[in-house]
Structures are given as structure tokens and as C-alpha cells.
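First up is the structure itself, then whatever we jot down about it.
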Amino acid sequence: MSLTLDSVDSSATSSRPRTYQVRTYGCQMNVHDSERMAGLLEAAGLVSLADAGDAPVRDGHGGPVPDVVVFNTCAVRENADNKLYGNLGMLAHIKETNPGMQIAVGGCLAQKDRDTIQKRAPWVDVVFGTHNVGALPVLLERARHNADAQMEILESLDVFPSTLPTRRDAVYSGWVSISVGCNNTCTFCIVPSLRGKERDRRPGEILAEIQALVDDGAIEVTLLGQNVNSYGVEFGDRLAFGKLLRACGGIKGLERVRFTSPHPAAFTDDVIAAMAETPNVMPQLHMPLQSGSDKVLKDMRRSYRSAKFLGILEKVREKMPDAAISTDIIVGFPGETEEDFQATLDVVEKSRFATAFTFQYSKRPGTPAADLPDQLPKEVVQERFLRLTALQDRIAAEENARQVGRTVEVMVTAQSGRKATETHRLSGRAQDQRLVHFSVPEGATAPRPGDVVTVTITGAAAFHLVADPSPADYRLRRTRAGDAWDLAQADSCGAPAPGAGTSAGGRQAVSLGMPALPVRSA
């Protein structure tokens, strides 16, 4: 059945299609799913609020409000709950005065809370889970037609998300999911119960999707999985991930391949060799540590110890001396002593991470860790968190300072830094994923998002690099991705200009994407 949702109620006139906005919280898998949600809504006749030009629905400050708001939620941390219900509360009055407006909640928190969402926010029209993203347009139409809220939560995946329509957030790069779900049993993590057991896509399907992205103008892809390097477990090939990386090297026009997130316990030498020997696999690795204490790692059911973790980093740097390594760390896990925390500080000092996502332990109902004794007082966790972030900030600044004087290739992005209007710098990512703010010499041609510039690093801070090149030190390579950006701008007729970024009123509002800058919790 062909389904369209435009002009279905009193908030939408016959002269305009309905508008939508997807608000994303959480990990890269959620960002990937949100692109699919956007694609589904556009296939059903809606348009992005950013592309609509104007909207008749307004909030209390006169700002435009979409006809359909979709929250793609995260359940990893407690503040995700608070953020969702706070935002739903702010929309309650707007929806009350605009009865045609619809609100949908999906993702991990929807999979976990189910009935709770509709009890706490009865004005929500649709609740759907992680396993049935493709049902979103049908559920919205059913809720409108029946004038009644709809909830559909499946316990297993019905359609692999990558087979659904998509609205990509950037034409020059793309996410490619190679697996969904997780077979691990980390005591702090609720993801396996929400995403299910690991399911792997066949290599041919993955490579075909990558080729389609490249044909569409992308020059960079990021391979996604809850434990990306355990890919192949479902069809019995423990070397499948290394083979997949090497196969990516044979795709003409694909310049940059990244992946996230691997698990140290399953990280094998063949993957390191594939990274080092495949030219378009970038010298960048996100390797979650979680804790440097072997006792805490055991309590977390992380099936590796600190010596193995450090050994992996040593092997990676032996093969790729310039690799930038990032990580995840949890502070204040139940039973963590000062000695345990010091072990984490010691591993961080030895690891020399370029970036670390540091989190205060968040007690999540339904996880084994929530029932462990010796839950730490908030003030103890906070004090340790501040010590860890101070250490990592120092290391990041030192590691970035080592980049000064190096010549790097930077793929230009649409997003610029906060001070771009003052500094007149554009932004992009080096091959090792470091953020680079750079200026264009007077008289030189400015790049487009997706183009590649070669510059010499002239300055550094803890979270970014700076390049203010002379004309002789600036080289621009116009790419197919830049051409695709130009075409997308012409098609959208009024989309944000290069460097303008993507606002909350745009295609998607994303609170956390690829590992780039440390994410801190209060």
C-alpha cells in the first residue's frame, strides 16, 4: 500500500506537505537509524522542517515547529530519561494548541520503557522500538486515522535498518551498519536487551551499500556495529571483519574508511594488519577501555584486562605510528576503590589517548550492576571524574601539540567552529579524525564541504588543531563529494551555506555522533 501523510489534518493545508524533525540522542547507531527515519518520512510525503522554508505552527517564542516530531532515544544514561521527558513536557502545550501535530518516540528508551512513556506523556502519538523503525509512517497514519495513540514494540528485528530509505545528513560521508545487536553481557550495559543478539549482514550487501554511497558522491564511510570487530560470528567466520576492511580497499573512489566501536576482547592481529595494509582505512581507532582496574573490569564482565588492552594499543602503534586512539571510560562503577581508580589513571597516562569519552557511572534499572553493593556516593564519583578529565585534557593537549608542523589532509565538513565568524576559519577532519580549524589564504579558492585541503598545522589546543597556512602551504583538491554538495545545495534551494552547520530545526538534531570531542556529564 502506498502511504502518504501530507495534508491529513487541520494543521496541514492542501497547499503544503507536512513537515518533520528527527531529534537524536545517543550513539552512532541511533544517528544511523535517524537517517532511516528521515528517509521513511520523506518517502511518505513529509519534508524536513529545514527545507520547508516556513511553518504555520509556532512555539511560544515564535519559532517554527514541525507537524511531526520524532525522538530517537538513548537508554544508556539516566539523564537521557530526564532530557526526553523534559522535551516532551515542553511540547505538550504546543501540541494542545495545534491538535494536528504528532509526536513519536522511538529508540532504546522506547524499547525499554514502553508503557511508561504513554503514562508519563499521554500526548505522545506513537511509541516504537529499536526493531521496527520501518513501521514509523504506518503508525503515524494509524494514530491520526484512529485518533488514538499507537505503540508497537517488537522483540526481534523485522527489517535490517540499512535496507530502508534514508535521508543522509551529509552527502560526502555515510554510515553503513554491518551488524546490529550484541552478544556480550557487560553488567553496566542495557543495550543487549534493547538491541537483541548480534545479527550480521552478508558482506556482499554491505559492499553494495558502500558502492551505492560512493556512486552518490560519498568519499568516506563509517562501518557501524555494537561490537564491530566481532562481525562474522553469525555466519562462522572469525576473520570476516579484517576481510571486509580489505574489500573496502578495492572500492574505487572510496577515500576514507572508519569503524566503530570494536571490543578489546575480540580485537585480533589480522584486523590490525588489515588496517595498516589497506590505504583507505584511516589511522584512527576508537577502543573502549571502560576501566583500568582488572578487578572492575571483571565486575563489569569485560573479558579482557588492562595488560591486553595496552598490548593492543602497542601493536596498533607499531603498525601505524601516527594513529590517533580514542576511548570510553566509566568512573565510579559500584565497588570502585581509590586504588581501582588510580589504576585507570595509570592506564590513561600510558595510553596517550587523543580523545576520551568520560562518563560518570549511571545506575540503570534492568542491568546487573544496578543491584551490586557498594554504589558510590555522588560526590566521590564527581571528584574522581574531575581528576580523570583533567588528566585526559592535559594528555590531549600534549598529543595535539605534537601535531604542530605536520602537513595533513583535511576533508572539509559543513560544520564550523563556534568562533568561525570571528576567526573566518573553516573546519574539517584530518585522516586521523582530529578536528582541524583552518583559514584559506587571501586569493586562494575556498573549498566546499567534501573537498580536501592539504595544510600545515600551526597551532593546537586540547580538542582541536589550527592551520593558518601561507599560500604556498595551502593546496585544494576538489572532489566528487564537493560536486555532490553543490548539487544538493542546488536541489534544496536555500539549504545552509557551507560552514553554516545543521541547526536543531534542520534535518536532524543530533546530541552525540562520531567520537570527536570528550562528552562530559554533570
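Each residue takes its place number in the sequence, starting with 1.
- In this structure, the side chain of Asp237 does not engage the main chain of Gly232 through any donor-acceptor pair within 3.5 Å.
- Atom CD of Gln342 is surrounded by more than 12 heavy atoms from other residues, nucleotides or ligands within 6.0 Å.
- Heavy atoms of other residues, nucleotides or ligands lying less than 6.0 angstrom from NZ of Lys295 number more than 12.
- The backbone N or O of Val233 lies less than 3.5 Å from a partner atom in the side chain of Asp200, making a donor-acceptor pair.
- Interatomic distance, Leu245 CG to Leu223 CG, rounded to the nearest 0.5 Å: 6.5 Å.
- Two residues are said to be in side-chain contact when any heavy atoms from C-beta on lie closer than 4.5 Å; Ser427 and Ser416 meet this criterion.
- Scored by the ring pair (Phe, Tyr, Trp, His ring centres under 6.0 Å) test, Tyr304 finds His263 as partners (sequence neighbours excluded).
- Judged purely by atom type and a 3.5 angstrom limit, Thr24 has no side-chain atom pairing as donor or acceptor with the backbone of Asn72.
- With hydrogens and angles disregarded, a donor-acceptor distance shorter than 3.5 Å links the side chain of Asp432 to the backbone of Arg434.
- The number of heavy atoms from other shown groups lying within 6.0 Å of CZ (Arg238) does not exceed 12.
- Of the candidates Leu465, Val412, Asp468, Phe438 forms a side-chain contact (heavy atoms from CB on, under 4.5 Å) with just one, namely Val412.
- A pairwise comparison of heavy atoms in Thr73 and Gly106 identifies OG1-O, 2.7 Å as the closest pair.
- Listed by chain and number, the residues in a side-chain contact (heavy atoms from CB on, under 4.5 Å) with Thr187 are Met300, Arg301, Phe333, Pro368, Ala369 (sequence neighbours excluded).
- With Tyr172 contributing its side chain and Ala414 its backbone, the two residues share a donor-acceptor pair below 3.5 Å.
- Of all the heavy atoms in Phe309 and Ser351, the pair that sits closest is CE2-OG, 4.0 Å.
- Using a 4.5 Å cut-off on side-chain heavy atoms (C-beta onward), Val176 and Arg201 make contact.
- Under a 3.5 Å cut-off, the side chain of Asn400 and the backbone N or O of Ala462 do form a donor-acceptor pair.
- Counting heavy-atom neighbours within 6.0 Å of Glu339 CD, excluding the residue itself, gives a total of 12 or less.
- Side-chain contact between Phe353 and Leu313 is present, with heavy atoms from C-beta onward closer than 4.5 Å.
- No donor-acceptor pair under 3.5 Å is formed between the side chain of Thr407 and the backbone N or O of Val455.
- When all heavy atoms are compared, the tightest approach of Met287 to Thr327 is O-OG1, 2.6 Å.
- Tested against His286 for a ring-ring contact (aromatic ring centres under 6.0 Å, His included), the candidates Phe357, Phe259, Phe267 yield a single pass: Phe357.
- Listed here is the closest heavy atom pair of Ala323 and Val316: CB-CG1, 4.1 Å.
- In this view, Arg480 and Val214, Ile219 satisfy the side-chain contact (heavy atoms from CB on, under 4.5 Å) rule, not counting sequence neighbours.
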Verdict with supporting geometry, Tyr20 and Glu42, side-chain hydrogen bond (donor to acceptor under 3.5 Å, both in side chains)
CA-CA 9 Å; Tyr20 77 89; Glu42 296 202 356; 2.7 Å; yes
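- Between Asp346 and Lys350, no side-chain nitrogen of the basic residue sits less than 4.0 Å from a carboxylate oxygen of the acidic one, so the salt-bridge criterion is not met.
- Annotation: salt bridge (Lys or Arg N to Asp or Glu O under 4.0 Å) contacts involving residues 317-331, sequence neighbours excluded, comprise Asp322-Arg406.
- Among all heavy-atom pairs drawn from Val171 and Ala481, the shortest one is CG2-O, 4.2 Å.
- Contact of the Leu285 side chain with the Pro262 side chain is registered, since non-hydrogen atoms from C-beta on lie closer than 4.5 Å.
- Pairing each heavy atom of Thr344 with each of Ser291, the nearest pair is OG1-OG, 3.4 Å.
- Ser306 is linked by a side-chain contact (heavy atoms from CB on, under 4.5 Å) to Asp294, Val347, counting only residues two or more places apart in sequence or in another chain.
- Checked by atom type and distance alone, the side chain of Asp340 pairs as donor or acceptor with a backbone atom of Thr337 at under 3.5 Å.
- A 4.5 Å side-chain heavy-atom check between Leu435 and Phe463 finds every atom pair outside the cut-off.
- In terms of modelled atom types and a separation under 3.5 Å, the side chain of Asn87 and the main chain of Lys83 share a donor-acceptor contact.
- With rounding to the nearest 0.5 angstrom, the CD atom of Glu338 is 5.0 Å from the CZ atom of Arg384.
- Contact check on Arg387 versus Glu383 returns a salt bridge, with a Lys/Arg side-chain nitrogen under 4.0 Å from an Asp/Glu carboxylate oxygen.
- Ring geometry for Tyr25 versus Phe71: interplanar angle under 30°, hence parallel rather than tilted (30 to 60°).
- In this structure, CG in Asp393 is found 9.0 Å from CG in Leu388, a value given to the nearest 0.5 Å.
- By the 4.0 Å N-to-carboxylate-O rule, Arg429 lies too far from Glu220 to be salt-bridged with it.
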Could you tabulate the donor-acceptor pairs under 3.5 Å formed by side-chain atoms of residues 270-282, not counting sequence neighbours?
residue, atom, partner, partner atom, Å
Asp270, OD1, Thr268, OG1, 2.4
Glu277, OE1, Arg246, NH1, 2.9
Glu277, OE1, Arg246, NH2, 3.0
Thr278, OG1, Ala274, O, 2.6
Asn280, ND2, Cys248, O, 3.0
Asn280, ND2, Leu254, O, 3.0

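- By the neighbour-count criterion of 12 heavy atoms within 6.0 Å, atom CZ of Arg394 is densely surrounded, having more than that number from other residues, nucleotides or ligands.
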